[in-house]
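Here the structure comes first, spelled out in structure tokens, and everything after it is commentary.
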Amino acid sequence: MYTRIALSIAALAVPAVLVGPPAHAEDRPSTPGSTVTLPLTGIEQEPDAGAPRVGRTEVLTTERGTPAYSLLGVTWADPGAGARMAVHVRTRTGGVWSPWHELHTGVDGTDEVEGGVRGGTEPFWAGRSDGIQVRVGVLDGVLPKDLRAELVDPGESILDRMPPRPTLPNRTDGRAVKGHADKPAIVARADWGADESLRDAKFKYTNTVRAAFVHHTADGNDFPCSDSAKVLRSIYRYHVKTNGWADVGYNFLVDKCGTIFEGRAGGTEKPVLGAHTLGFNTDSMGVAAMGTYTTAAPPGRMLIALSRVIAWKLGLDDRNPKGKVTLTSSDSGSRYPKGTTHAFDVISGHRDAFNTECPGQKLYDQLPAIRTDVALRVG
């Protein structure tokens, strides 16, 4: 038997905001969105509906009237509870329920969050939806306290009706000299519709970029490249409003069509301090493949784009992409106790520094080929 916990929902409305054409060509239309937090309350029995079981399993179900949303996540009070949990969701669109999807619970935090840190899943892109069911399995039979569903609406923009406009490098930005790779085209934050009022107003920088950590966003693969800007806006809002980070965690993101997006603000050429790899954000960059690559193979265009942006950033500081780099852990929540050192590959996966599947086995298997490609590009 499962236990059903119904989401208690007040009268909520999350209207999409459609922005008209800008008055001037140089204007950037605003793309406001919303985050709705739904506490989980109420208990009743439900027959086994076939969802994966891990110990005691609770079924969390929304009531009628769930506000429209496109991205979701589940959070709880104890940040350490994720290790004993399995979280699955299914979503409703037009009265039809999707298959069950597993949400990744190995979300590492960042030392830029001061107190009040919550545990949670990676965000999951569901597309436009109006209902949600969540199954939470716990090994010890004890549900974490203060379970919540976080529903994100990315907003709407006229930018969503046209291809993103990558910012092409100019002669001073592009590095074509020996030891450097050319700067690739990168879609600026303004062009994917970042709401700059969400993030911390202060930019944070590290000393240099000595390593690149490769991630996947683990938010599913069922979205076209035309929705990449919406997905990124949703991830950004989830990282800031739900995780409590200063900005989107990654320095760059790449979609399956090979489009490279500017992530955390502060200047693509500069060593911006990210929130991507707990304990090892200092002197590193984080680049995320948009999607889930545990069993799905990353497309060739995505792999080429990953190599291009990594080659450019490592080349700016003359790093050897096939070499090693010794980094010092700043947090015992990583795989290495605070204050200890570890020799990483200059191009590493998130799992090399944190107990996670990220960047997914299929993408992780491609890291040797990425190192070789990057080495050829930097000369």
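As a basis for the values below, the full set of heavy atoms in this structure was taken, side chains included, without hydrogen atoms, waters or symmetry mates.
Side-chain atoms of I347 and L314, non-hydrogen and from C-beta on, do get closer than 4.5 Å to each other. Between Y205 and L273, the closest side-chain pair of non-hydrogen atoms is not below 4.5 Å. Using a 4.5 Å cut-off on side-chain heavy atoms (C-beta onward), P99 and R90 make no contact. Counting only heavy atoms from C-beta outward, the side chains of Y236 and L198 approach each other to under 4.5 Å. Considering only heavy atoms from C-beta on, S348 stays 4.5 Å or farther from V325 through its side chain. You'll find the side chain of R148 stays beyond 4.5 Å of the side chain of W76, heavy atoms only. The shortest distance between side-chain heavy atoms of R128 and D153 falls below 4.5 Å. Counting heavy atoms from C-beta on, the side chains of F261 and V254 never come closer than 4.5 Å.
Heavy atoms only, all atoms of each residue included: A265 and V272 are closest at O-CG1, 3.4 Å. Of all heavy-atom pairs between G266 and K270, the closest is O-CD, 3.5 Å. Between L71 and P123 the shortest heavy-atom distance is CD2-CB, 3.4 Å. The shortest heavy-atom contact between V374 and P321 is CG1-CB, 3.5 Å. Of all heavy-atom pairs spanning V209 and S284, the tightest one is CG1-C, 4.5 Å. The heavy-atom pair separating G193 from R233 by the smallest distance is O-CD, 3.1 Å.
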Checking side-chain contact (heavy atoms from CB on, under 4.5 Å) for the pair V89/L103: CA distance, chi angles, key distance, verdict? CA-CA 7 Å; V89 301; L103 301 187; 3.5 Å; yes

Could you walk me through whether E269 and K183 pass the salt bridge (charged side-chain N to carboxylate O under 4.0 Å, His left out) test, one step at a time? CA-CA 9 Å; E269 296 85 1; K183 181 179 181 180; 2.4 Å; yes

Are D283 and T206 close enough, and set up right, to give a side-chain hydrogen bond (donor to acceptor under 3.5 Å, both in side chains), and what steps lead you there? CA-CA 6 Å; D283 292 350; T206 186; 2.9 Å; yes

Candidate pair E357 and H104, rule side-chain contact (heavy atoms from CB on, under 4.5 Å), full reasoning: CA-CA 9 Å; E357 291 184 351; H104 295 258; 3.3 Å; yes

Trace of the side-chain contact (heavy atoms from CB on, under 4.5 Å) decision for I310 with V214: CA-CA 9 Å; I310 293 171; V214 178; 4.0 Å; yes

Between L327 and T341, does the side-chain contact (heavy atoms from CB on, under 4.5 Å) criterion hold? Intermediate values first, please. CA-CA 6 Å; L327 301 177; T341 61; over 6 Å; no

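Looking at E262, its side chain does come within 3.5 Å of a backbone N or O of R189 through a donor-acceptor pair. With K313 contributing its side chain and T268 its backbone, the two residues share a donor-acceptor pair below 3.5 Å. For the pair N221 (side chain) and T292 (backbone), a donor-acceptor distance under 3.5 Å is present. The backbone N or O of M290 sits less than 3.5 Å from a side-chain atom of Y293, completing a donor-acceptor pair. The backbone N or O of D247 lies less than 3.5 Å from a partner atom in the side chain of R264, making a donor-acceptor pair. Proximity of a side-chain donor or acceptor of S334 to a complementary backbone N or O of G279 within less than 3.5 Å is not detected. The backbone N or O of T91 sits less than 3.5 Å from a side-chain atom of S98, completing a donor-acceptor pair. Under a 3.5 Å cut-off, the side chain of K230 and the backbone N or O of S70 do not form any donor-acceptor pair. Side chain of N251 to backbone of G286: a donor-acceptor contact under 3.5 angstrom is found. Proximity of a side-chain donor or acceptor of Y69 to a complementary backbone N or O of G131 within less than 3.5 Å is detected.
We find the CG-CG distance between D78 and L147 to be 11.0 Å, quoted to the nearest 0.5 Å. Summarising the geometry, atom CG belonging to L72 is positioned 12.5 Å from atom CD belonging to E122; distances are rounded to the nearest 0.5 Å. The line from NZ of K204 to OG1 of T282 is 11.0 Å long, rounded to the nearest 0.5 Å. Between atom CZ of residue R237 and atom OG of residue S34 there is a gap of 6.0 Å, rounded to the nearest 0.5 Å. Within the model, atoms OG1 of T259 and CE of M302 stand 9.5 Å from one another, a figure rounded to the nearest 0.5 Å. Interatomic distance, T75 OG1 to N243 CG, rounded to the nearest 0.5 Å: 9.0 Å.
For W245 and H239, the ring centers sit closer than 6.0 Å to each other. Residues H276 and Y250 keep their aromatic ring centres 6.0 Å or farther apart.
Between D130 and R92 there is a salt bridge, since at least one side-chain N of the basic residue sits less than 4.0 Å from a carboxylate O of the acidic one.
Ring geometry, F280 versus F213: the interplanar angle falls from 30° to 60°, so the pair is classed tilted. Using a 30° and 60° split on the angle between ring planes, W125 and F223 fall in the perpendicular class, above 60°.
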Indicate every side-chain donor-acceptor pair of residues 358-367 with a distance under 3.5 Å to a residue at least two apart or in another chain.
{"unit_1": "Q361", "atom_1": "OE1", "unit_2": "R351", "atom_2": "NH1", "d": "2.8"}
{"unit_1": "Q361", "atom_1": "NE2", "unit_2": "D365", "atom_2": "OD1", "d": "2.6"}
{"unit_1": "Y364", "atom_1": "OH", "unit_2": "D352", "atom_2": "OD1", "d": "2.6"}

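Among pairs with a residue in residues 370-379, those fulfilling side chain to side chain donor-acceptor pair (under 3.5 Å) read S307-D373, D345-R371, D373-R377, at least two apart in sequence or across chains. Listed by first and then second residue, the side chain to side chain donor-acceptor pair (under 3.5 Å) pairs involving residues 208-219 are T208-D317, T208-R319, H215-T277, H215-H350, T217-D219 (not counting sequence neighbours).
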